[in-house]
Amino acid sequence: MSEAASRLAYYRTVPRRRVELAPDDPRHGTTNGYGNLGCRCDLCREAHRRKHVRYMHEVRKSKSLSDTTASGHGTSYRYDVGCRCEECREAHNAKSRVTKKRIREKRAQRSVSSTPSLPPAPPPSAASASMRSNRSRDTGPEIRLRRALHARGHRYRVGMTVTVGSRRVRPDIVYTRRKIAVFVDGCFWHRCPQHGRAPSDPTGYWAAKFQRNVERDIAVTHALNSAGWQVLRIWEHVPLEESVAIVDAAFQNSARAGR
């Protein structure tokens with residue numbers, strides 16, 4: 001049996017664990033590198049480490065493959081793999097600079113945000129109690145609008161998550177085939193220009209929170225429009241007949257457009 005075959009047979013019978021062999025064992029002193037081949041006692045592990053250090057030192061000294069026909073020329077030299085000639089080193093450094101610049105830009109975008117930061121906790125008020133009891137779906141205006149649309153023959157999805165790029169959006173009513181997203185916005189939380197009234201707050205918590213809600217609504221609408229969705233935002237104070245007419249008109253226009 002050849003040495004490679006014996007190593008393979010030994011590897012198949014030995015589990016991936018620390019194997020310490022007696023000094024009189026013929027396998028003592030063999031390599032203990034990849035695949036757990038050979039002995040893994042402290043003596044053999046130290047000998048393998050020293051051998052690996054010497055090998056990497058020789059590699060670092062010179063590995064310049066100036067011949068363009070060489071198989072390693074043009075490959076990355078990171079971790080001392082591939083060619084280390086001046087041409088390849090400059091190509092690698094240029095690629096590394098581009099990558100580092102992109103990472104810095106992403107970090108800057110995450111650190112600098114237009115969204116105002118909120119204080120750690122809202123001040124105790126009636127708005128705080130309303131926020132704790134606020135429901136993310138199935139509010140009164142939503143249910144009334146859904147029932148009226150269902151009575152007119154509309155079929156839609158409720159609470160469906162729409163993924164647009166890296167943003168996950170959950171409209172109140174979704175027409176998947178027509179790509180229509182309907183939001184029923186509350187006057188208080190989404191800052192209705194007619195009925196939106198912020199509670200008195202010396203800490204500035206509610207002003208920052210309402211501003212963040214408005215900016216999020218604008219970003220969501222822009223993201224959906226960019227992805228080909230038609231966005232309908234209906235205030236909760238709009239009469240039911242008018243709300244149904246707005247959604248029905250958008251649905252009929254989409255049907256005529258062949259969506």
Side-chain angles (χ1 to χ4, degrees), residues 76 78-79 91-122 127-128 130-139 141-143 145-146 149 154-193 196 198 204-236 238 243 246-247 250-251 253-255 257-259:
S76 172
R78 192 178 184 185
Y79 305 122
H92 174 83
N93 292 338
K95 183 178 180 181
S96 179
R97 287 192 293 266
V98 173
T99 303
K100 291 179 180 179
K101 180 180 179 181
R102 185 171 64 250
I103 293 175
R104 288 195 299 268
E105 291 176 352
K106 288 184 178 180
R107 289 177 179 175
Q109 291 176 0
R110 288 196 299 265
S111 60
V112 180
S113 176
S114 60
T115 303
S117 59
L118 298 179
S128 302
S130 175
M131 182 176 66
R132 288 192 295 268
S133 61
N134 186 39
R135 306 175 66 177
S136 59
R137 53 172 290 182
D138 295 338
T139 62
E142 294 177 25
I143 294 176
L145 178 59
R146 294 200 317 245
L149 292 174
H154 289 237
R155 298 299 179 261
Y156 43 79
R157 299 286 298 275
V158 178
M160 176 182 172
T161 302
V162 179
T163 303
V164 184
S166 60
R167 184 181 295 273
R168 295 169 59 87
V169 185
R170 184 173 294 179
D172 299 323
I173 299 174
V174 180
Y175 295 89
T176 55
R177 297 183 62 181
R178 307 290 184 184
K179 298 192 74 172
I180 300 176
V182 183
F183 295 87
V184 181
D185 294 335
C187 295
F188 179 75
W189 295 110
H190 296 267
R191 307 304 295 143
C192 171
Y205 175 89
W206 292 112
K209 181 172 180 58
F210 289 149
Q211 182 63 25
R212 188 172 68 172
N213 291 347
V214 172
E215 293 179 356
R216 183 189 59 209
D217 293 342
I218 296 175
V220 166
T221 302
H222 177 72
L224 289 173
N225 288 334
S226 300
W229 286 76
Q230 183 179 359
V231 181
L232 303 178
R233 290 195 172 272
I234 304 175
W235 294 108
E236 64 176 352
V238 176
S243 302
I246 293 174
V247 178
F251 186 85
N253 293 336
S254 177
R259 285 189 177 183

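These numbers were taken from a predicted model, which means no experiment stands behind them.
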### Summary
CG (Asn213) and CZ (Phe188) are apart, to the nearest 0.5 Å, by 10.0 Å

#### Entry: Heavy-atom pair of closest approach, residues Thr163 and Arg168
OG1-NH1, 4.0 Å

### Message
One pair to check against side chain to side chain contact (heavy atoms under 4.5 Å, CB included): Glu215 and Ile218. What are the steps and the verdict?
### Response
CA-CA 5 Å; Glu215 293 179 356; Ile218 296 175; 5.6 Å; no

### Query
Within the side chain of Lys179, is there an N or O that forms a donor-acceptor pair under 3.5 Å with the backbone of Ala227?
yes

### Message
For the backbone of Cys187 and the side chain of Glu236, can you confirm whether one donor and one acceptor N or O come within less than 3.5 Å of each other?
### Response
yes

### Task
Dump the intermediate steps for side chain to side chain contact (heavy atoms under 4.5 Å, CB included) on Val247 and Ile173, then the final yes or no.
CA-CA 10 Å; Val247 178; Ile173 299 174; over 6 Å; no

### Query
Considering all heavy atoms of both residues, which atom of Ala250 and which atom of Ile180 are nearest to each other, and what is their separation?
O-CD1, 3.8 Å

### Query
So which heavy atom on Trp229 is nearest to which on Tyr175, and how close?
CZ3-O, 4.0 Å

### Query
Rounded to the nearest 0.5 Å, what separation is found between the NE2 atom of His222 and the CG atom of Asp217?
14.5 Å

### Closest approach of His190 to Val214 (non-hydrogen atoms, all atoms of both residues)
O-CG2, 4.2 Å

### Query
In Å and rounded to the nearest 0.5 Å, what is the OG1 to CZ distance from Thr161 to Arg167?
13.5 Å

### Message
Does Lys100 form a side chain to side chain contact (heavy atoms under 4.5 Å, CB included) with Ile103? I'd like the steps, not just the answer.
### Response
CA-CA 5 Å; Lys100 291 179 180 179; Ile103 293 175; 5.5 Å; no

#### Entry: Flag if over 12 foreign heavy atoms under 6.0 Å of CZ, Arg155
yes

### Query
So, Asp185 and Arg191, do they make that salt bridge, N to O below 4.0 Å?
no

### Query
Hey, is the main chain of Asp138 close enough, under 3.5 Å, to the side chain of Glu142 for a donor-acceptor pair?
yes

#### Entry: Plane angle bin for Phe251 and His154 - parallel if under 30°, tilted between 30 and 60°, otherwise perpendicular
tilted

### Message
Apply side chain to side chain contact (heavy atoms under 4.5 Å, CB included) to residues Val220 and Phe183 and explain how you reach the verdict.
### Response
CA-CA 11 Å; Val220 166; Phe183 295 87; 4.0 Å; yes

### All salt bridge (Lys or Arg N to Asp or Glu O under 4.0 Å) counterparts of Arg102, not counting sequence neighbours
none

### Considering all heavy atoms, the nearest Ile246-Leu232 contact
O-CD1, 4.2 Å

### Task
Could you grab the distance from atom OG of Ser243 to atom CD1 of Ile234, nearest 0.5 Å is fine?
4.5 Å

### Task
Heavy atoms only: give me the nearest Leu224-Val169 pair and the separation to one decimal.
CD1-CG1, 4.2 Å

### Message
With rounding to the nearest 0.5 angstrom, report the OG1 to CZ distance, Thr221 to Arg216.
### Response
11.0 Å

